[in-house]
Amino acid sequence: MRTKIVCLFLCIIVLCSSCDSYFKKLDGIDFSVGWINMPELTNLYYDYPDGGSCGVTEGRITDVYWNEQYILAKQCKMYNDSIKGYYIVKILPPVKKGVPYKKIGPLSEEEYIMKKKELGLDEQKMKHMNIFKNRILWLW
């Protein structure tokens with residue numbers, strides 16, 4: 001009986017302390033997209049060579065486009081799927097410490113379109129990932 005109580009107690013601790021997470025590496029660059037605990041906190045991360053990571057954008061990133069030089073990210077509002085802002089991230093050479101990117105944003109749609117034109121970026125010619133495309137139950 002005592003063993004059953006101990007096992008039950010351990011199971012409760014594990015269930016209460018576990019957290020849900022998701023991370024997907026962006027092919028060909030040292031960045032990933034993911035979240036810890038809540039999909040609403042989806043962020044773009046720089047992945048350091050030693051295994052650590054650093055958040056680049058604010059939460060609820062939904063679409064990411066990238067090539068070897070730039071990352072374009074769209075951010076939705078917290079409780080609906082309307083676009084809140086846009087980010088353009090210039091990829092810099094890898095570093096052991098510090099910040100290996102230059103972030104522009106959040107931008108309005110007009111600013112985003114103008115900056116993409118200025119930089120010669122075309123989403124259709126870039127790799128693409130939609131984070132929530134295959135989620136069946138996206139309630140926000």
(message) If I compare all heavy atoms of C54 with all of Y101, which pair ends up nearest, and what's the gap?
(response) SG-OH, 4.0 Å

(request) Find out whether I71 and V64 are in side-chain contact, i.e. whether some heavy atom of one side chain is under 4.5 Å from a heavy atom of the other. (result) yes

(message) Please give me the minimum heavy-atom distance between D47 and F31, naming the atom from each residue.
(response) OD2-C, 3.4 Å

(request) Establish, yes or no, whether the cationic atom of K90 lies under 6.0 Å from the six-membered ring centre of Y70 and within 45° of the ring axis. (result) yes

(request) Apply side-chain contact (heavy atoms from CB on, under 4.5 Å) to I83 and K74, showing your working. (result) CA-CA 7 Å; I83 300 295; K74 295 180 183 179; 4.1 Å; yes

(request) Determine whether more than 12 heavy atoms belonging to other residues, nucleotides or ligands lie under 6.0 Å from atom NZ of K24. (result) no

(message) Would you say that I91 contacts E68 through its side chain, given a criterion of any heavy-atom pair below 4.5 Å between the two side chains?
(response) no

(request) Please assess K127 against D27 for the test side-chain contact (heavy atoms from CB on, under 4.5 Å), listing each intermediate value before the final yes or no. (result) CA-CA 8 Å; K127 296 176 186 174; D27 295 334; 3.9 Å; yes

(request) Please tell me if the side chains of Y46 and S53 come closer than 4.5 Å, counting only heavy atoms from C-beta onward. (result) no

(request) Following the transitive rule for hydrophobic clusters with a side-chain heavy-atom cut-off under 4.5 Å over Ile, Leu, Val, Met, Phe, Trp and Tyr, establish whether L119 and Y65 coincide in one cluster. (result) yes

(request) Tell me whether L44 is reachable from Y86 by hopping between hydrophobic residues (I, L, V, M, F, W, Y) whose side-chain heavy atoms are closer than 4.5 Å. (result) no

(request) Indicate, with yes or no, if V99 and L26 share a hydrophobic cluster defined by side-chain heavy-atom contacts under 4.5 Å among Ile, Leu, Val, Met, Phe, Trp and Tyr. (result) yes

(request) Check the pair T57 / N43 against side-chain hydrogen bond (donor to acceptor under 3.5 Å, both in side chains), numbers first and verdict last. (result) CA-CA 6 Å; T57 60; N43 202 343; 2.7 Å; yes

(message) For residues V56 and L72: do they belong to one hydrophobic cluster (side chain heavy atoms under 4.5 Å, members Ile, Leu, Val, Met, Phe, Trp, Tyr)?
(response) no

(request) To the nearest 0.5 Å, tell me how far N67 CG sits from D122 CG. (result) 10.5 Å

(request) Measure the CD-CG distance between Q75 and L107 for me, rounded to the nearest 0.5 Å. (result) 11.0 Å

(request) Give the minimum heavy-atom separation between P100 and P93, together with the two atoms involved. (result) CB-O, 3.6 Å

(request) Drop me the distance from H128's NE2 to M126's CE, to the nearest 0.5 angstrom. (result) 10.5 Å

(request) Looking only at non-hydrogen atoms, find the nearest pair between P106 and G85 and report the distance. (result) CB-CA, 4.4 Å

(message) Restricting to non-hydrogen atoms, name the atom on K103 and the atom on Y87 that form the minimum distance, rounded to 0.1 Å.
(response) CD-CD2, 3.8 Å

(message) I113 and side chain to side chain contact (heavy atoms under 4.5 Å, CB included): which single residue from K115, E111, E109, E110 fits?
(response) E109

(request) With rounding to the nearest 0.5 Å, note down the distance linking OG in S32 to NZ in K25. (result) 7.0 Å

(message) Would you say that K102 contacts V89 through its side chain, given a criterion of any heavy-atom pair below 4.5 Å between the two side chains?
(response) no

(message) With a 4.5 Å cut-off on side-chain heavy atoms, are C76 and K84 touching?
(response) no

